[in-house]
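Scroll down for the structure; my scribbles are underneath it.
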Amino acid sequence: MNGLMSRLFTIARAEWQLWLRQRLALGALLVFALLLVATSLVTALKASQEHHERTHQQAAAEASFLSQPDRHPHRMVHYGHYVFRIPAPLSMIDPGVDSVTGQSMFLEGHQQNTAMFADARASAELGGFENLTTALVYQLFLPLLLIAIGHGLIIREREDNTLAPLLAQGMTGIQLFAAKWMALAGLSLALLLPLAIMGAIAASQGAAVLASAAIIGLYALYVLVWCSLILLVSTCVRSRSIALGILTLCWLAAALIVPRIAVESASSAVPAPSKLETDINMQAELRTVGDGHNADSPNFQQLRANLLAQYDVTRVEDLPVNFRGMVAQSAEAGLTEVMNRHAEERMALEAAQARFAASFGWLSPVLTVSAGSRALAATDLATHHRFLREAEAVRFDFVQGLNRVHAEQLAYRDDINRNRDRQASRRTRMSADNWKVLDEFSFEPAAAGERIANASTPAAMLLAWLLMLTAIGILAARRMQP
Amino acid sequence: MTATTGELEFLAKDRAALLWLGIALLVASLSVFLGLREVGAQRTVLGALVENDRAEREVLTGLHQDWGSVAYYTFHLTYDLPSDFAFAALGTRDTAPWKHRVRALALEGQIYETDADNPDFALIGRFDFAFAASMLVPLLLILLLHDLRSRERTAGRYELLSATSASAGSPWFARAALRVGALLLCLIVPLLIGGLLAATSASKLALASLVVTLHIGFWWGVCAAIDRLCWSSPVNLTALIGIWLALASIVPATIKGSVEAAVPLPDGGTIMLTQREAVNDAWDLPKSATMEPFIERHPEWAEYAEISESFEWKWYYAFQQVGDQVAEPLSNAYREGRIKRDRLAGRLAWLSPPALVERTLQGIAGTSMTDSIAYEQRVRDFHSTLRHYYYPRLFRDEAVSDASLRERPEFSAMNK
């Protein structure tokens with residue numbers, strides 16, 4: 001057994017030495033390495049700069065909220081607050097949807113805003129492949145490199161008439177396949193080294209070690225899928241030219257065509273209304289909740305009656321709480337319930353679209369690895385939704401906190417007379433100490449365990465691809481003839 | 001004539017070539033079909049939105065008795081209709097908004113809201129004709145042409161073929177020309193059918209066809225140049241794919257990086273914060289701090305600028321406007337920076353034919369960055385007419401009437 005392994009290893013090593021001598025292979029390797037290093041540096045620098053900037057902006061936004069002077073608490077509801085999404089450490093490998101989703105969001109009373117200032121809206125438009133990232137280089141271009149240097153692994157032996165002697169020396173087709181596979185796989189895994197380094201840097205900056213390791217594992221699985229495919233084609237096809245044509249076609253389909261077809265199919269199979277459509281359609285529903293600025297609105301008759309009964313008084317002026325504040329609280333809760341229901345519906349539809357598109361992973365390992373990679377890097381749709389939900393929780397908490405101050409600390413009589421004169425207006429100013437109802441916001445991606453669970457389906461799909469292609473390859477190799 | 005027929009017969013027997021041509025036809029047809037479907041869907045959405053938006057405004061009519069509340073509660077839909085060629089290049093329509101609702105409050109707080117689709121979709125991109133023509137077609141052409149000579153050389157027929165033809169190179173030229181022509185047909189025919197279905201103007205279709213033809217011509221030249229180096233087919237193909245990779249991705253990525261470094265933009269968050277601080281500070285400042293800069297911009301309301309109550313709607317809308325005025329330098333810098341980036345990228349795109357084709361097709365389709373910025377400007381203009389409609393009513397303290405409401409401006413889409 002040991003003798004066999006060393007024989008296989010000898011063949012693999014011969015292959016490596018050959019690649020180092022061939023100018024084409026060596027040139028391609030060098031160009032790829034250069035591209036990878038350059039892209040990685042740019043991606044990592046950008047991520048670290050954004051991390052720095054947004055951390056700073058978040059702190060500034062909190063400081064400016066807390067430093068607001070004494071004023072009517074409802075003014076603070078409209079003053080609002082900003083939250084920024086600080087990129088996860090692993091986004092230096094895969095920035096995912098971060099560039100197309102906005103990174104900052106304005107939180108205020110009575111409405112849910114969208115995330116704003118997506119990079120994509122301000123960046124130069126250059127055809128669709130200008131957003132090179134480390135992840136993209138691995139997903140799209142590493143397979144091309146492997147195809148270029150690996151398609152001839154077995155065909156070359158055939159074309160050079162060295163296959164017959166090899167088989168005659170007692171080497172079986174499967175052994176040759178295994179040796180060549182080792183050669184290509186060895187090279188592929190070596191090319192993952194820059195990824196491993198970035199994973200380690202990310203881990204040192206606070207990424208979960210488990211998630212960093214998982215992302216490297218995922219890409220290892222992915223490149224092995226391509227190794228097996230390349231070996232399979234090299235075993236079955238008799239001419240290098242045809243093998244290269246077939247592999248290029250596979251790449252074209254897997255990298256360029258299927259992912260976009262998946263998007264088109266998902267968008268027609270699972271139609272999701274835009275936020276604007278939802279906003280307009282829920283207006284009628286929001287009106288049944290009522291406008292919290294107008295305490296006299298018939299929508300709050302019931303609330304008035306309940307409060308009067310609860311405190312056993314006959315006029316709102318005699319309530320121990322500020323009725324206007326109570327209305328603001330009740331209206332905010334009602335509006336938020338409606339808005340959240342619609343937001344959740346929308347997010348559920350988007351998640352369903354993503355799942356539908358992911359099923360095309362059975363046709364394209366590129367689509368599969370990119371979904372898994374985004375999930376692990378915490379730059380996927382689910383993480384974006386998590387950001388939206390957490391931002392909403394912050395919004396609701398501070399708005400209701402301020403409304404509570406409005407209801408419990410601000411006298412009703414002062415409140416309704418606030419516009420009478422300067423003195424009256426001054427009486428409605430609440431102490432700035434109350435602004436501490438604002439919670440500190442620091443967005444944390446889901447725990448590594450949860451992200452790994454999310455990435456387990458793509459990983460399983462890749463494993464299935466790998467096993468299937470390797471099995472077919474071995475079957476083909478068993479019947480290998482000179 | 002017989003030579004051409006011979007070449008046609010040869011092509012008919014070349015199964016690999018037929019496969020690439022078939023894929024080209026399939027890809028082009030599919031992209032046109034999907035583009036038409038997407039544009040149809042966008043029109044349907046807009047049709048429904050326009051209807052709902054109008055109905056929503058009708059519900060509000062009569063609900064509010066003062067102009068301040070009317071202006072506060074009434075939203076207006078603005079939108080950017082897809083052009084008759086948008087099906088071929090959806091362009092920025094998947095990341096930039098093409099529908100937007102505004103009201104007469106400070107615009108800087110509203111204009112950057114983005115009602116985008118599923119971000120996964122925008123990340124991966126749409127399968128439109130521009131993508132097929134700029135990215136996929138060069139690869140298919142490479143696959144078609146890379147081994148025209150080298151295959152014959154491998155088969156040992158090269159010398160014979162070259163020697164028997166009248167002039168050197170001509171059999172190769174005819175053979176390549178036939179394949180290039182066939183590929184062009186596979187692209188243009190679906191595009192023209194799509195154009196007929198979408199009632200696209202002939203000039204746009206002609207221009208787009210010219211762009212596609214030139215692009216294919218460029219890649220034919222590249223293939224011919226590599227072919228002359230007399231390498232083996234696999235080396236040819238590897239080199240050509242390398243060139244494709246460089247021109248389609250590495251060069252554009254470098255251009256993008258340099259353009260963004262050369263033209264920095266003010267941070268979006270800062271624009272928002274500036275505007276918000278200005279609007280909110282107004283509450284605590286003396287009324288004159290708002291009214292003076294407002295009157296500077298709108299001297300026609302000078303005699304109505306006296307604010308005597310602690311809250312008046314005209315003052316409220318004045319500080320909304322002043323908030324925009326304070327953020328204006330930043331906002332202009334942001335817009336001009338984007339225009340400058342786009343212009344620079346447009347010039348540098350000549351270094352990358354695929355990017356140039358994509359941009360040109362987007363330009364013809366009215367879906368480029370320029371068009372998206374132009375739409376933003378139309379939203380600004382509409383918002384400004386809305387303000388000018390409300391100001392006289394607010395400042396003269398007019399009563400809300402149906403007749404006056406009927407004069408309120410409505411956004412009208414521009415047909416492209």
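Below, chain A is the first sequence line, B the second, and so on; all start at residue 1. All figures in this text were calculated on a predicted structure; none of them were measured in a lab.
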Do the side-chain N and O atoms of A:Gln283 and B:Asn52 include a donor-acceptor pair separated by under 3.5 angstrom?
no

Under 4.5 Å to a heavy atom of chain B? For A:Leu244 that would be both

Is the shortest distance from a Lys or Arg side-chain nitrogen in B:Arg359 or A:Glu125 to a carboxylate oxygen in the other one below 4.0 Å?
no

If you measure from the Lys or Arg side-chain nitrogens to the Asp or Glu carboxylate oxygens, is any gap between B:Asp128 and A:Arg260 under 4.0 Å?
no

For A:Met116, is there any backbone N or O sitting under 3.5 Å from a side-chain donor or acceptor partner on B:Glu113?
no

What part of B:Val59 gets within 4.5 angstrom of chain A, counting heavy atoms only: side chain, backbone, both, or neither?
side chain

Bottom line for B:Glu312: the part with an atom under 4.5 Å from chain A's heavy atoms is neither

Among the options B:Asp284, B:Val357, B:Asp342, B:Asp117, pick out the one with the most heavy-atom pairs lying under 4.5 Å from chain A.
B:Asp284

Is B:Arg276 close enough and on-axis enough to A:Phe106, meaning under 6.0 Å and within 45°, for cation-pi?
no

Region of B:Tyr72 that comes under 4.5 Å of a non-hydrogen atom in chain A
side chain

Need one label for B:Leu30: side chain, backbone, both or neither, based on atoms under 4.5 Å from any heavy atom in chain A.
side chain

Pairwise side-chain contact, B:Phe75 with A:Asp279, heavy-atom cut-off 4.5 Å (strictly under):
no

Rounded distance (nearest 0.5 Å) linking atom OG of A:Ser267 with atom CD of B:Glu38:
5.5 Å

Let me know if A:Ala243 has heavy atoms under 4.5 Å from chain B in its side chain, its backbone, both or neither.
neither

Segment of B:Leu356 engaging chain A (4.5 angstrom heavy-atom cut-off)
neither

Engaged part of A:Val100 at the chain B interface, taking heavy atoms whose separation is under 4.5 Å
side chain

Under a 4.5 Å heavy-atom cut-off, does chain B meet the side chain of A:Arg75, its backbone, both or neither?
both

Under 4.5 Å from a heavy atom of chain A, the part of B:Ile339 involved
neither

Which region of A:Asp380, side chain (C-beta onward) or backbone (N, CA, C, O), has a non-hydrogen atom less than 4.5 Å from a non-hydrogen atom of chain B, or is it both or neither?
neither

Side chain, backbone, both or neither: which part of A:Leu145 has a heavy atom under 4.5 Å from chain B?
neither

Using heavy atoms and a sub-4.5 Å threshold, report which of residues 243-251 of chain B line up against chain A, by residue number.
B:Trp244, B:Leu245, B:Ala248, B:Ser249, B:Ile250

At a heavy-atom separation under 4.5 Å, does B:Ile142 approach chain A through its side chain, its backbone, both, or neither?
neither

Any side-chain heavy-atom pair of A:Glu130 and B:Ile255 under 4.5 Å
no

Counting only non-hydrogen atoms closer than 4.5 Å, does B:Val27 touch chain A with its backbone (N, CA, C, O), its side chain (CB onward), both, or neither?
side chain

Identify which part of B:Pro354 has an atom lying under 4.5 Å from any heavy atom of chain A, answering side chain, backbone, both or neither.
neither

Does any donor atom in the side chain of A:Ser268 or B:Arg37 lie under 3.5 Å from an acceptor atom in the other side chain?
yes

Which atoms of A:Thr248 approach chain B - backbone, side chain, both or neither, heavy atom under 4.5 Å
side chain

Above 12 or not: heavy atoms from other molecules or residues under 6.0 Å from CZ of A:Phe356?
yes

B:Ile124 portion near chain A, given a 4.5 angstrom heavy-atom threshold:
both

Which bit of B:Ile23 comes within less than 4.5 Å of chain A, counting heavy atoms only: side chain, backbone, both or neither?
side chain

Name the region of A:His72, side chain, backbone, both or neither, that has any atom closer than 4.5 Å to a heavy atom of chain B.
neither

When B:Met272, B:Lys99, B:Arg341, B:Gln362 are compared by non-hydrogen pairs under 4.5 Å with chain A, the top option
B:Met272

What part of A:Leu276 is in contact with chain B, defined as an atom under 4.5 angstrom from a non-hydrogen atom: side chain, backbone, both or neither?
both

Heavy-atom neighbours of A:Arg429 CZ exceed 12 at 6.0 Å
yes

Structural part of B:Asp267 lying under 4.5 Å from a heavy atom of chain A
side chain

No-hydrogen, no-angle side-chain donor-acceptor test under 3.5 Å, B:Asn118 and A:Gln353
yes

Between B:Ser352 and chain A, with a heavy-atom cut-off of 4.5 Å, which part of the residue counts as in contact: side chain, backbone, both or neither?
neither

By a 4.5 Å heavy-atom criterion (distance strictly below it), what part of A:Glu53 contacts chain B: side chain, backbone, both, or neither?
side chain

Please state whether the side chain, the backbone, both or neither of A:Pro273 comes within less than 4.5 Å of a heavy atom of chain B.
neither

Using a 3.5 Å distance criterion without hydrogens, assess whether the side chain of B:Arg101 forms a donor-acceptor pair with backbone atoms of A:Ile280.
no

Of the backbone (N, CA, C, O) and the side chain (C-beta and beyond), which part of B:Leu140 lies under 4.5 Å from a heavy atom of chain A, both, or neither?
side chain

